[in-house]
Each structure stands twice: as structure tokens, then as C-alpha cells.
Amino acid sequence: MTAAIVVGVLVAGGVWFLAQPGLLRVIFGFVLLGHGVNVLILASGGLDRRGAPFVGEGVEDVAAAADPLPQAFVLTAVVIAFGVTVYLLGLLRAESTAGDDSDDDSQDDVEAGP
Amino acid sequence: MLLALGVLTAMAVLSPVLARRGCGRELGYLLAASFLGVAAVIAAQVPRILDGGTVETSVEWLPSLGVTFALRLDGLSSLFALMVLGVGALILAYCPRYLGPQDPHGAVYGLLTLFAAAMLGLVLAADVVLLFVFWEATTFCSFLLLGLAGGKATRPARRALLITAAGGLALLVAVVLLTAVTGSTVISDIVADREVILESPLALPIGALVAFAAFTKSAQVPLHFWLPGAMVAMTPVSAFLHAATMVKAGVYLLMRVSPIFAGLPAWSALLVSVGLTSALWGAFMALRQHDLKAILAHSTVSQLGLLVAAIGVGTSIALAAAMLHTIAHALFKATLFMLIGIIDKEAGSRDIRKLSGLWRVMPVTATMTALAGLSMAGIVPMLGFVSKEYLFQGFFQTDFAPAAGVVAGAIAVAASALTAAYGLRIFYGAFGGTRQPGLYEPSPAFLAPAAVAALTGLLLGPGIDLLNPLVARAGADVVPGQPLAAFEFWHGLSPEIVMSGIAISTGLLLFLRRHHVDRLLDRIAVPDAGAAFDRGHARLISFGYRIGQPDRADGTVNHLVRPLLGALGLALVGFLAVRDLPEVRPSDTAADWVVAGLVALGVAATLATRNTLAALASLGFVGLLMAALFVSAGAPDVALTLVLVEVLTAVVVVWVLRRLPTRLPAVERRRLWGAGMLAIACGLAAASATYALTGRRSASVASEYFLDNAEAATGGTNVVNTILVDFRAMDTLGEAVVLAVVAIGLLALLGPAGGGVAEPRASTQDRDSAAAEVFLQASARLVVPGAALVAAYLLYVGHDAPGGGFIAALVAGAAAAVHQLAHGQLPRWLGPEQLVGCGILVCVGTATLALAMGEAVLAPFKLPGLEVLGVGSALIFDIGVMLMVLGMLVAALDRFGADTRRSDPLKVHP
């Protein structure tokens, strides 16, 4: 239940930003949407078993271990989402530099310079 | 035969080189000689063919599809092959005198020869797939040769390409269907399976598709209009491709499949009606033209129509007459085109209203034109006379409907009458009337090829016995089981002679009354199929433009909202379709509710503010809550990764935000409402999907497999990490490469490196910031090596404890960020390109090494000598991943940081 609420809130927040003009808002929206989807993927493994998925000596209860596969997915997803965020920031940066150079604010949804 | 094709292709490839290296336009003679050589090779096989044999050769091509590069020389093939090569040799011998010194000789000769090779392949192909490939190759050559005519050829070339390529697609479908029905791609096998094809429900579509393909290539009404348009090409191209050979490819195809479909009333009705309509329409249109080439183009449509109709009749006489007429037409049409090219060159015009009296200045040219024209009109003693007589005889055998034979015969006579009339029109228009001054007979070398063709047409009439054996053999290929009586030059007073007489006298009458006829013709409005085609084409293009219009918007909203709406649609489907869910397994703890509440608070705070920094702080808060959630859900690796990502995001964002406004721009209220509605709908959909589809089952099979087998299979105890670097290593490689691509994208996006330009921070004026810098640099001296050590440790233990390549890279990236903050630049030896490149090399190297050791790609293996340390290939692979991720981070830090300094000119140039 809590997972559903968290996913709903994060997705709603993400979509709110995505549906508005401006690259910075898109970045915010993308970050929130990414969080929401990560929680969804993690929840798909089930949240009733919450042991860290380590095996070997000293681990008593493997049956309580959480599903490792969604965790692997989410781990790469986090890094990839970071990469995409950085790239979007790069676009934002290039856009703002170009806007300053040419004083061209004709694009209606550019985060125009001051 | 392979040799023959090979020689032609090699000549085509060499032509541009030879043309540039001194041969120039004289290259045509060399090519003509090589054509004759190839023709001799094929002619040498003819005796064997005449004895009823065939020559076959094949090379394996696509064994998995059962397609071979198989060539087969039988009667029909040799007839067409000799025609292609013979006419080709004449045309190429004509080119040197026709082409100007400035024309693109290499391109013209190369493409003409390439076309000849393709055409030869088409008629020799023993495999339907191969036939299709050569069919398309001829279309392609035709398009390129049209293109040589420059800007005015744009529209005609496009029409020709679209029409003939549509036919090519139809042929492809027919080929696939034929192969599916008969299980073979070999033409002779397919033809032998006649019953199987006719009994299958696909018989009708196959026949229609093949006929359509042939109609496009052979310019049958109503698809004929590309052919007159194609006359913009230079005359040798018109003569070779668009009169003598390429347009005969459709005729050849129909003859090839005739054994399958001949005798079917539908096939016969289709071919005869379309063919005779084209014959009549083409002849009628030819009579309306004033441009000599346009007359000939419409005449070609007309003559091809007669051929198609004769094939539709399907009897052995009709088909043999069609073959004979194919040769006759190739000879007289090539002659006429070459002569008109001469007239055009000498007199500077092709308009019969401007030309006159050339008879007196060019008697030889005029004689040759007369010979070819007589053959076209079917007058004794030309080859065209013999072929037309037998065509008439064939049309009488039309039997798909009662009295069809009489009607077909009558239409053929009418078309012939018009043919005679426009033949006279050509001759009188150019050569009759008063003499034009200042013109001379062209050089013998220019005339010779046309003369050879014209005289061949003259001699083969009485000398029809020379052609008889080969035509009879080809007829046996096409109409099996009906031996053919030899053609006779003169076979007494027969109905055909009477028909010819009617046709010629009517034609003469039309010519004598030409002023009345012309006035009458001008009054008839004629539908322009070409313009209709262009309108349809333009409409199609604008339709496509409208379809794509919404995606041409600059803003992000259009692009992002529509997929979201699609996702909502999917959610709705799921909402309606998903039923009977298992019980929810309780999992919520009190802490979960707290986290959920805080997340809602954080998101609300992010949404509420328009201050960029405040929004970023709230976002960071939400990120840390996520990390807490992951920890409580038993995912320490994910949580660790996320915390590091949040830290690094903050660093990168700060670099970027230095040049951005501190407040988000306002958005109009209407848009906010829309965004809000969409957000709520998506949020509800996501929440209900999460609630409905998760937390309702015990551990998954995959989960149990990984937990049970991770240690035994990989030697690692951190199961998440073993999935990343062992079980699903290929996925990880792909993901790491995505980050490498991001790095490259950043480098490309933000321009050349600026990191190497040392700009000591000490130059900053502010005393406080200088003090802060000293502090930063001092702490960096401690922090950076420490962080690097931590990264190395996390990398090393990753297989068994929280850590791994991704996490180690993020820690190392944080260390690099601290160094950059302190010193204003990254360490010089830390180049993003090198990191990314090394990373890819290490990962791919690990994968290949496993392959070299006989294992699957990326299979784990032990490293000799390092086993004591517990170091295996997984660690090496993880190092590669780390290098790529670090490369991405360094690229971001370097470009964002460097760009800041560079774009602030006051600091760089004080």
C-alpha cells in the first residue's frame, strides 16, 4: 500500500513537471518519474521479504532475503537515469550558452537567460 | 555465362576510369567490341540450344533460403540475350559520334554497360529471386541514366522510378507467393508446377501481380506515361533502354510465365484488353505529337501493347509472332532513335514543324529512316512485315470470349493503320518540303550503326529462315508441346495480307488528309495520366507531412505528453481487463508510512516553489528518502548508489545553474490546469497499477535461483553484484556503454576540452574566497586520495559486500569533483575519452578472453596466479564498467566546469 502511494505521488509530481514547458522542469520531472518507476520495480519483487540479498557464511535466513533481480535492475536504472539527467543538463547548458551568444529568445519554451 | 556477365560488369566498372584516362568518348567502340565478344560467346552455345539442350551454371548464393545465383540459357534467353547485346553494340558504337566532348562519358558508358549487364542477367536468370534482383537493377540504371539529363529530368525520372519500382514491388510479392506455393525458387521448377499454382487460391493474385509488374515495365496504359516522359534522356539511352531492351523486360517476364497462365480466360482477357488498348492509345497519341522523339515514345507504347496482347492470346503462333516482332521492333526502333538523334544534332531540332527538306541534304539518312519506317508500318519486304502478318494471324486465335478474335484483329488493324500514318508523318515531317540551308550528311561513322540496324531489318525479312530455328526453339520453351511451323516470308493471299492492305491504305488516307486529321485531333481533349499521377503523388507527400506535423514542434511538451496519454490508455485497458488478483501480502511497517508521508511532503515542496534552488533542495530531500526506502526494503547497494548519485547530481547542477535564472519561468494558468489533470490521472494510474500488480506473491523463481546459485556459480556472495557482473553481464555492458555514449554526447555537445587550460583560482580577487580556496585545497589533499582508496576498496569487495563498479565509479567521481572544486580543474591525466575507451576495451576484452578460452561470451573465469586474492574475471569486467561510468562523470565535470571559465571572458582575459 505505501509503495503504491509513493509511486503515485512521485509519478504525479513527475508528470506535472513534464507537462510544462522548459527543459529544467523536464529534468525535475524526469528525476521524480525515475524515482517512481524505481520504487515500482523494487516493489515488483515483493516488499514482505526485506533481508539484504547476501549469501554465504554468517547469513542465517536466506528465505527472508529480498528479490535481488529487481535490485540489480534498479541499481543500473539509477545510474542510467543519472547519466540521462547529466545529458539533459548538458543540453540545458548548451541551450543557455547559445541563447546568450545570439540573444535569440524566439523559442517559446527555452529557459531564457535573464 | 558467368564469364559473360562478369566481363560486362567489369567493363562497366572500368568505364569511368578508361573514359578519364584518354579514351574519352571513343571508349564506345571498345565497349561495342566487348559486347560483340560476349554475344559471340552466347552465340557459340546456340547450336546446343537448337538441339534442345540448355546451358546452366550456378553458384551458391543464399543457401539458407535455397536461392542460388543460377543462370540458364535456353531458346527464349538466347533470343533476348542476343538482342540485348546486338542492339547494345550498335548503340555503343553510335555513342562516340553522338556524345559531345563535354558530356560525362564515364558515367554514360559505365551506366549503359551496367544496364546491359543487368538486362543480360535478367534474361539469363534461372532463379526468380535473381530475376527480381536484376529487374530492379535495370530500373535503377534507368533512373540514373535519366538523371544525367539534369534538372529538367527531375519529374520524369521520379515518375519513371516510382512507377517501375511499384511494379518491382509487385514482382517481389509475386516471387514470394510463387515460392511459397511451389516450394522452389527455380523458374523451370515453378513453371513445371503449373497445376499446383493454378489450384492454389493464390493463383489469381500471383497472375495479377506479375501482369502488373510487366505492365509498369513495358509502359502499358494507364501506367504508360512514364515512357514519353523518359524521352528527356539522351538519345542513346532512349534508344537502348526505353525502346529496344528495358521496356521489353515486361514482355520477357510475361513470356516466361506464359506456360503457367496461358489458356486461362482471365489472363487472356487481361493481357489482350490492356495490350490492345495500349496499342490503339499509343498510336493515337503518336499521331498527335510534333516532337520526333515523342512520336517514337508513344509508338513504343503502341508496339509493346501489340506484344502484350499477343502473349495474352497464348497460342504458339501468337507467341512466336511476338518474339519475332520483339526483334523487329528492337531493330527498327533503335534505328529510328539513332537517326532522330542524328537529325537533332545536325539540324538542331526534333520538331517536325521546324524541320523540312532534309531529303535533299541527307539522302542516306533519309533512306535509312524510310527503311526503318517501312518495317514499323509492316510493309514488304521488311522484317516488320513478316512479324506483323503473324501477329494478325495470332490475334484471330483469341478465344477468351465469342468473337474476340475478330474484335482483336480489327483493333490490331486500326492500330496498324495509325502506325502507318505516324510513320509517314515522321518521314514527311523531317525529310519532305523545302530544303533547309547549311546542313550536310553526317559522317559515315555516325550513320553506320543505324544503317546496320536498318539493313538487318531489311535482310531478315526475306532471310527469315535465319531466325526461324531460334524462334521455334524459343517458342518451344514458352508453349511446350505445340511445335511451330516455320515462318514464311510470303505465304500467299491470306486474310492477313488483306488486313495489312486495309491498314496501310487507311494509314495512307490518314496521311493524305493530314490537315483535317490534325485539326480533328487537336480538338479532342486527352486525359493526362502523368499530371494525375503527379497530383496523387503531391497529395501523398502532403498527407505524410500532415501526419508528421505535430512532431515538428520545438517544445518538449508535445513530444512528452502524447506518450503519457498513450500510457494512460494502456492503464485504462489494464483497469478493465485485469481480474481475479491474489491477496495482498501485508508488508507495510510504521516506518514505511513515515517515509511515504515525507515523500509526499517533499514532492509537494518541489512542486510548490518556483525558486530553482529550493526545488533542487526538495528534490535532493526526496532522493535521500528514496535511499532510506531502499535501505528498509533490503537493497543497500541501491541505496548507496542513490546517495552517491544525489551528491554528484548536486555538484553537476551547481556548475550548470551558475548561468541559469534563479526562478523558473511562469506558466499560464490554462496550461497548469492541463498539467495538473494529467499529473493526477497518471499518478492514480501508476498507484493503482502498483497496488494491483505487486506484493501479491511469494519469492519469484528467478529470485530463488539467484539466491541459491550465486555463490556456487560465481564465487560471489553479494547476489545483486553477481547478477550485474556475472549472470546478466551482457546487460550491464550495454548499460555501461549507454553511459559511455552520454560521455561522448557531452563532449560533442559542449565543444572541445577546456580542462587543460590552467587558470589558477588564485587570480580571483576576493580575499575571502581565496582563503576558502586554501582551506578547500588543503582538505582536498586529504579527501581525494582517501576517496580514491575507498573507491578501490568498494570495487574490490563488490562481489561479496555492498559495492561494485557503479558505486566505486561514483565515489571516484565524487573525489574528482572535490579536486575540481579545490583546484579549478581536474587532474590532467584524467581524460574522459581515455577512460571511456579503456573501459570499453577492458569489458570487451574480458568478454573475448572468455570466448577464446572456449567459454560463452562473458562467462566467468579464474585468473591464474591471482586466485589467492579471490580476483576473477568478474572484477576485471567491473573495472571496465567503473572506467566507463567514471568517464561519463569526468566528461560532465570537465565540460560543465571548463565551460564556465571559458565563457566568462573577464577571468580568462583580464
Side-chain angles (χ1 to χ4, degrees), chain A residues 1-13 15-16 18-22 26 28 31 35-36 40 42-44 46-56 62 65-69 71-72 74-76 78-80 82-83 85-87 89-90 92-94 96-97 107 109 111 114, chain B residues 554-557 560-561 585 587-588 592-593 596 599-600 603 607 619 626 633-638 641-642 645 652 656 659-661 665 667 675 678-680 682-683 686-687 690-691 694-695 700 702-703 706-707 710-711 717-720 723-724 735 738-739 742 745-746 749-750 806 888 892:
Chain A
M1 188 69 189
T2 48
I5 293 170
V6 170
V7 170
V9 167
L10 288 169
V11 167
V15 170
W16 163 265
L18 287 183
Q20 293 178 47
V26 170
F28 291 172
V31 169
H35 286 328
L40 169 61
L42 200 70
S44 72
L47 294 173
D48 50 334
R49 285 157 286 108
R50 297 198 174 191
F54 293 97
V55 291
V62 175
D67 194 334
L69 191 58
Q71 293 193 15
V74 172
L75 199 151
T76 42
V78 165
V79 181
I80 295 261
F82 175 56
T85 309
V86 167
Y87 189 71
L89 285 166
L92 186 61
R93 164 119 212 128
S96 68
T97 313
Q107 284 164 286
D109 55 1
E111 296 283 345
Chain B
D554 284 336
T556 51
V557 175
L560 292 174
V561 165
R585 298 164 75 96
S587 67
D588 293 334
D592 286 350
W593 284 104
V599 167
V603 172
L607 301 191
L619 267 185
M626 288 296 109
D637 282 274
V638 181
T641 311
L642 193 57
V645 161
V652 174
V656 175
R659 290 171 54 79
L660 288 179
V667 176
L678 186 67
I680 290 170
C682 288
T690 312
Y691 182 68
T694 67
S700 68
S703 151
F706 287 128
L707 288 170
E711 194 176 8
T717 54
N718 179 354
V719 182
V720 174
I723 293 176
L724 288 176
E735 281 144 9
V738 169
L739 295 173
V742 168
L746 282 176
L749 193 64
L750 297 176
F806 284 121
M888 189 273 284

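To find a chain, count down the sequence lines: A is the first, B the second, and so on, and within it residues start at 1. Computed from heavy atoms alone, side chains included, the values below leave out hydrogens, waters and symmetry copies.
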Student: What are the two closest non-hydrogen atoms of A:Val11 and B:Cys682, and how far apart are they?
Tutor: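 In terms of heavy atoms, the two residues are closest at CG1-O, 3.8 Å.
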
Student: Counting heavy-atom pairs closer than 4.5 Å to chain B, which one of A:Ser44, A:Gly46, A:Gly36 comes out on top?
Tutor: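 Option with the greatest count: A:Ser44.
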
Student: Nearest 0.5 Å, please: how far is CG in A:Leu89 from CG in B:Leu749?
Tutor: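 If I round to the nearest 0.5 Å, the distance is 11.0 Å.
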
Student: Measure across A:Pro53 and B:Val720 and return the closest heavy-atom pair with its distance rounded to 0.1 Å.
Tutor: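 A:Pro53 and B:Val720 have their closest heavy atoms at CG-CG2, 3.7 Å.
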
Student: Please classify the contact of A:Val31 with chain B as side chain, backbone, both or neither, using a heavy-atom distance under 4.5 Å.
Tutor: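 The answer is the side chain of A:Val31.
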
Student: Would you say that B:Met888 contacts A:Phe82 through its side chain, given a criterion of any heavy-atom pair below 4.5 Å between the two side chains?
Tutor: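 In contact.
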
Student: Between the main-chain N or O of B:Gly634 and the side-chain N or O of A:Gln71, is there a donor-acceptor pair closer than 3.5 Å?
Tutor: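 Yes; judged by distance alone, with no hydrogens or angles, the pair exists.
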
Student: Could you give the distance from CG (B:Leu642) to CG (A:Leu75), rounded to the nearest 0.5 Å?
Tutor: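 So the gap between those two atoms works out to 9.5 Å.
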
Student: For the interface with chain B, which of A:Val26, A:Leu10, A:Asp67 has the highest count of heavy-atom pairs at distances below 4.5 Å?
Tutor: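 The candidate making the most pairs under 4.5 Å is A:Asp67.
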
Student: Measure the OG1-CD distance between B:Thr556 and A:Gln20 for me, rounded to the nearest 0.5 Å.
Tutor: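 Separation between the atoms: 10.0 Å.
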
Student: Where do B:Leu739 and A:Gly83 come nearest, in terms of heavy atoms and distance?
Tutor: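 Heavy atoms of B:Leu739 and A:Gly83 come nearest at CD2-CA, 3.8 Å.
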
Student: What distance separates B:Phe806 CZ from A:Ile80 CD1, expressed to the nearest 0.5 Å?
Tutor: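 Separation between the atoms: 6.5 Å.
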
Student: Could you tell me which non-hydrogen atom of B:Ala679 sits nearest to which non-hydrogen atom of A:Ala12, and how far apart they are?
Tutor: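 For B:Ala679 versus A:Ala12, the nearest heavy atoms are CB-O, 3.2 Å.
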
Student: What distance separates B:Glu735 CD from A:Thr76 OG1, expressed to the nearest 0.5 Å?
Tutor: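 Result: 4.0 Å between the selected atoms.
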
Student: First locate atom CG of B:Leu560, then atom CG of A:Leu18, and finally report the distance between them rounded to the nearest 0.5 Å.
Tutor: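 Nearest 0.5 Å value for the CG-CG distance: 5.5 Å.
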
Student: Is there a side-chain contact between A:Leu69 and B:Ser703, using heavy atoms and a 4.5 Å cut-off?
Tutor: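 A side-chain contact under 4.5 Å is absent here.
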
Student: Examine whether an atom of A:Val86 lies under 4.5 Å from a heavy atom of chain B, and if so say whether it belongs to the side chain, the backbone or both; otherwise answer neither.
Tutor: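 Both backbone and side chain of A:Val86 come within 4.5 Å of chain B.
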
Student: Looking at side-chain heavy atoms only, is the closest gap between B:Val719 and A:Val55 below 4.5 Å?
Tutor: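 Yes, their side chains come closer than 4.5 Å.
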
Student: Of all residues at least two apart in sequence or in a different chain, which pass the side-chain hydrogen bond (donor to acceptor under 3.5 Å, both in side chains) check with B:Thr717?
Tutor: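 B:Asp800.
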
Student: Quick one, A:Leu47 and B:Arg585 - any side-chain contact, counting heavy atoms below 4.5 Å?
Tutor: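 Contact flag for A:Leu47/B:Arg585 side chains = no.
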
Student: Out of B:Ile723, B:Asp637, B:Val599, B:Leu678, which one racks up the most heavy-atom pairs below 4.5 Å with chain A?
Tutor: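 Going by pairs under 4.5 Å, I would pick B:Ile723.
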
Student: Kindly indicate whether the side chain of A:Pro68, heavy atoms from C-beta on, has any atom under 4.5 Å from the side chain of B:Leu707.
Tutor: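 Side-chain contact under 4.5 Å: yes.
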
Student: Checking heavy atoms, do the side chain of B:Val603, its backbone, both or neither come under 4.5 Å from chain A?
Tutor: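 For B:Val603, the side chain is the part near chain A, not the backbone.
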
Student: Side chain, backbone, both or neither: which part of B:Ala702 has a heavy atom under 4.5 Å from chain A?
Tutor: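 The side chain, not the backbone.
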
Student: Report yes if the side chains of B:Ile680 and A:Trp16 come closer than 4.5 Å at any heavy-atom pair, otherwise no.
Tutor: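 Result no, sub-4.5 Å side-chain heavy-atom pair not found.
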
Student: Using non-hydrogen atoms and a 4.5 Å limit, figure out which bit of A:Leu42 sits close to chain B: side chain, backbone, both or neither.
Tutor: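 Just the side chain, heavy atoms under 4.5 Å.
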
Student: What residues form a ring pair (Phe, Tyr, Trp, His ring centres under 6.0 Å) with A:Phe54, not counting sequence neighbours?
Tutor: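 For A:Phe54, no residue satisfies ring pair (Phe, Tyr, Trp, His ring centres under 6.0 Å) once neighbours in sequence are set aside.
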
Student: Nearest heavy-atom pair of A:Gly8 and B:Ala687: which atoms, and what distance?
Tutor: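 In terms of heavy atoms, the two residues are closest at CA-CB, 3.8 Å.
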
Student: Name the option with the most non-hydrogen atom pairs under 4.5 Å to chain B; the candidates are A:Gly90, A:Ala3, A:Gly51, A:Gly13.
Tutor: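 Ranked by contacts with chain B, first place is A:Gly90.
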
Student: Go through A:Ala52, A:Ala66, A:Ala65 and name the one with the most non-hydrogen pairs under 4.5 angstrom from chain B.
Tutor: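 With the most close heavy-atom pairs to chain B, the winner is A:Ala52.
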
Student: Can you tell which part of B:Leu746 gets under 4.5 Å to a heavy atom of chain A, answering side chain, backbone, both or neither?
Tutor: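 Both parts, backbone and side chain.
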
Student: Given heavy-atom pairs under 4.5 angstrom as the criterion, report whether the side chain, backbone, both or neither of B:Phe706 touches chain A.
Tutor: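 Only the side chain of B:Phe706 comes within 4.5 Å of chain A.
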
Student: Which residue out of B:Leu619, B:Val738, B:Val652 racks up the most heavy-atom pairs below 4.5 Å with chain A?
Tutor: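 Heavy-atom pairs under 4.5 Å are most numerous for B:Leu619.
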
Student: With side-chain contact (heavy atoms from CB on, under 4.5 Å) as the test, would you mind laying out the steps for B:Trp593 and A:Ile5 before giving the verdict?
Tutor: CA-CA 9 Å; B:Trp593 284 104; A:Ile5 293 170; 3.7 Å; yes

Student: Quick one, B:Met626 and A:Val78 - any side-chain contact, counting heavy atoms below 4.5 Å?
Tutor: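 With C-beta onward as the side chain, the pair stays apart.
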
